[in-house]
Every structure is written in C-alpha cells, then in structure tokens.
2 protein chains.
Amino acid sequence: MTASSPNQNSYPYQNEPTWSKSEKVIAHTAFDVALGRELREVIQRAKQMANEIQEPSDLWELENYLTQRRKEIDRKYDYRYSQLRHVFGRLLYEGRLNEQDLHGLDEDKLKSIRSFAKFLAEDAA
Amino acid sequence: MTASSPNQNSYPYQNEPTWSKSEKVIAHTAFDVALGRELREVIQRAKQMANEIQEPSDLWELENYLTQRRKEIDRKYDYRYSQLRHVFGRLLYEGRLNEQDLHGLDEDKLKSIRSFAKFLAEDAA
C-alpha cells in the first residue's frame, strides 16, 4: 500500500495510541490487580451462597450466579491494547481501580479512561 | 383407523403397560425419594467444593460440576410412564433405590426394571 492509497484513512488502527514499555507494565499490573480483586469477590460470594444452600433451588441459583459472573468477567477483562482504555474506564467507574493504579500512563490515555468512566456514570444515572 | 390397518402394529404405545392408581402412588414416591437423595448429595458436594475453593480455577470447577449435575439430573428423572421402567432400572443400578422402594409394582414391571438394571451393570463391567 502506497502513501496515496485511497484506503489509507480507513486503516482501523491508525488512531490507536501506542503503549510504551513502561505503560505496558503499568497496564498489565493494574489489569491483574483488578481481575484478582474481582475474582476474590466472586470466591467469597460463592462460599457464602454455598454455605446458605438449603433447597435445590439455591443450588441452581449458585450455578447461575457463577455462570453469569464468569461470562461477565470474560467479556470485561479484554487485554487488547485497542480495548484497554475502555476496560480501565469501566474498572475506574466500578471502583475496582483508582487513578493511583493507573499512574504513569500518558495524559491522553488517562483522559480517555476518565472520559469513559464518566460516560458510564452518567449513563447509569 | 380400522382393526385391519397395516399401521396397527406400529402404534408406539401399544405395548406400554398401564399403571394402576396404587402403582402411580408408589412410583411417584420412589421417584421423589431418589431425586431427593440425589439432590442432597449434590448440595453436600457443592458445599464441600465451595469450602475448599482457593483459586479461580476451583470456582469454575464448581460451576462446571453444578452444570453437569443439573443436566444429568434433568435427563435422568423423566417422569413419563413410558420411561419409568428405565428410570427405576437406572436408579436401582445406581443404588439410589432398592427393591423395597418399588414394592407394590406389578411383577412384569419389576422384571423389566431389574432387567434394565442388570443390563446397565453388565454394560459398565
């Protein structure tokens, strides 16, 4: 493809920011921290639900809870650099990460992350 | 359809035994007893698995266990009179019912139930 190709502007990743080596380390750490926190929550809740099972219906409620949480976590934790600003924006909105966890990312990325968190907050309001 | 219809012998339920009122009571009770026993086993096992969860993988193992058991129980406990002899045969083979639980069914049904239990035992050997 030459510089004058008519398709040049439609290349889908042209506006994606690049992630420096140090930003990748920060992103990976923050991602793992949030995922770890969320999984610990699910473990605690599952143990509590199991402990309280009395009836078969409680059993299938636990199964359904686990299935829903697994699917939600699979969807939410998408470690593609093209998706990370949305992922972190959601985690910020949900209070699973704070700005300190993201400290060291460049200001444009932080702005985009905050902006998505704000959008989710307003959307939920 | 007349008595001389060529399809007469292919009517699928013509050889199904009928279930008397008292047999239906016995069947319903035995069915509920076995299902109750099996569900209590799953509840105990789920509580134990939940109690032992350490890692996220243990969580999804519990989910998978519950899903598999739910599907298996759905398949196994089929309260259609056309299916009951196979259902009871399997429960007898699995030791979830004993002959005493089925006492009062007519001898032809008991023979068919024992025969299916024996088939399963030989098939598994």
Side-chain angles (χ1 to χ4, degrees), chain A residues 25 27-80 83-84 86-88 90-98 101, chain B residues 25 27-80 83-84 86-88 90-98 101:
Chain A
V25 172
H28 223 302
T29 304
F31 187 94
D32 286 350
V33 162
L35 179 56
R37 284 176 186 156
E38 185 139 15
L39 287 169
R40 277 193 297 279
E41 274 179 29
V42 180
I43 288 174
Q44 287 313 308
R45 180 77 185 117
K47 283 175 181 278
Q48 187 191 346
M49 287 178 81
N51 199 40
E52 292 168 0
I53 291 172
Q54 303 262 357
E55 301 293 328
S57 61
D58 303 330
L59 201 55
W60 314 131
E61 202 184 301
L62 172 59
E63 184 214 350
N64 187 51
Y65 168 75
L66 291 173
T67 302
Q68 296 310 315
R69 300 299 280 123
R70 178 175 51 75
K71 287 182 179 173
E72 190 192 329
I73 288 171
D74 277 352
R75 271 194 308 270
K76 197 188 334 187
Y77 290 86
D78 182 353
Y79 199 86
R80 285 179 295 175
Q83 300 301 313
L84 271 187
H86 280 187
V87 172
F88 288 147
R90 177 173 296 280
L91 294 171
L92 206 59
Y93 158 68
E94 292 178 353
R96 298 186 189 282
L97 286 181
N98 55 49
D101 294 313
Chain B
V25 171
H28 224 301
T29 303
F31 186 94
D32 286 350
V33 162
L35 179 56
R37 283 175 186 159
E38 185 140 15
L39 287 169
R40 277 194 296 280
E41 274 179 28
V42 180
I43 288 175
Q44 288 314 308
R45 180 75 184 117
K47 283 177 183 277
Q48 186 191 347
M49 286 178 82
N51 199 39
E52 292 169 359
I53 291 173
Q54 304 262 356
E55 302 292 326
S57 61
D58 302 331
L59 201 55
W60 313 131
E61 202 183 302
L62 172 58
E63 183 213 352
N64 187 52
Y65 168 76
L66 292 172
T67 302
Q68 296 310 316
R69 299 300 280 122
R70 178 175 51 75
K71 288 182 179 174
E72 190 191 330
I73 288 170
D74 278 352
R75 270 195 309 270
K76 198 187 333 186
Y77 289 86
D78 182 353
Y79 200 84
R80 286 179 293 176
Q83 300 302 312
L84 271 187
H86 280 187
V87 172
F88 289 148
R90 178 173 296 280
L91 293 171
L92 206 59
Y93 158 67
E94 292 179 352
R96 299 187 189 283
L97 285 180
N98 55 50
D101 295 312

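To find a chain, count down the sequence lines: A is the first, B the second, and so on, and within it residues start at 1.
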Under 4.5 Å from a heavy atom of chain B, the part of A:Gln44 involved: neither

Atom group of A:Gln48 that falls short of 4.5 Å from chain B, counting heavy atoms: neither

Separation of A:Asp101 CG from A:Leu91 CG (nearest 0.5 Å):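 It comes to 9.5 Å.
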
Proximity breakdown for B:Gln54 and chain A, heavy-atom pairs closer than 4.5 Å: backbone

Ring geometry between A:Phe31 and A:Tyr77 (parallel below 30°, tilted from 30 to 60°, perpendicular above 60°): perpendicular

Flag, side chain of A:Asp32 to backbone of A:Thr29, donor-acceptor distance under 3.5 Å: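 Looks like no, no N/O pair under 3.5 Å.
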
Note: A:Glu38-A:Lys76 ion pair, threshold 4.0 Å (strictly below):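 A:Lys76 and A:Glu38: salt-bridged.
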
